[in-house]
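Only heavy atoms go into these numbers, but all of them, side chains included; no hydrogens, no water, no symmetry mates. Owing to the predicted nature of the structure, the values given are computational and were not obtained by experimental measurement.
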Amino acid sequence: MQVTEANEGGARIAQVPTLFYLAHCEAALCCSLLQANATASTLHNVAILGNSLAMSSTKRHLSAAQRSLMKQACKQEIAIPELDMHAGGAFNDLALHILQNIPKPPG
């Protein structure tokens, strides 16, 4: 496990296969992670345990480009069953996401 010393604003590039724990994080943080790794062509190294990207990609406060990136990058989303505990509803859209590189636009 590695904890970053500086606040990268979510723009950590995954040079090796990396699991990011982003439960309850703002969609903007996840978008920063996706954008940084899409630019570096390292999305295939990213797995995210966090809020459902399928659900997040419908949020109106995200730009069309951010919503599109979430949809394109997610190769597989595996829903985590809701926990049977007092605050179980807090984790109602938790999922494991396996990502994939997306083609860069020509130019």
Is there a path of hydrophobic side-chain contacts, each under 4.5 Å between heavy atoms of I, L, V, M, F, W or Y residues, that connects [X] with [Y]?
{"X": "M70", "Y": "I98", "result": "no"}
{"X": "I13", "Y": "F20", "result": "no"}
{"X": "L96", "Y": "L94", "result": "yes"}

Can you see which heavy atom on [X] is nearest to which on [Y], and at what distance?
{"X": "A27", "Y": "L62", "value": "CB-CD2, 3.8 Å"}
{"X": "L99", "Y": "C74", "value": "CD2-CA, 3.7 Å"}
{"X": "N45", "Y": "A14", "value": "ND2-O, 2.9 Å"}

With distance as the sole test, does [X] use its side chain to make a donor-acceptor pair with the main-chain N or O of [Y] at under 3.5 Å?
{"X": "H97", "Y": "I48", "result": "yes"}
{"X": "T39", "Y": "Q35", "result": "yes"}
{"X": "E77", "Y": "A95", "result": "no"}
{"X": "Q100", "Y": "Q72", "result": "yes"}
{"X": "S52", "Y": "D93", "result": "no"}
{"X": "N101", "Y": "S41", "result": "yes"}

Practice item. Could you tell me whether the side chain of L33 reaches within less than 4.5 Å of the side chain of L29, counting heavy atoms only? Key: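 Answer no - side chains too far apart.
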Working to the nearest 0.5 angstrom, can you tell me the gap between L43 CG and N37 CG?
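Going from the CG atom of L43 to the CG atom of N37 covers 5.5 Å.
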- Between CG on residue L53 and SG on residue C30, distance to nearest 0.5 Å: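 So the CG of L53 and the SG of C30 are separated by 5.0 Å.
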Which pairs pass side chain to side chain donor-acceptor pair (under 3.5 Å) with one or both residues in residues 7-17, sequence neighbours excluded?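 Output for this query lists E8-R12.
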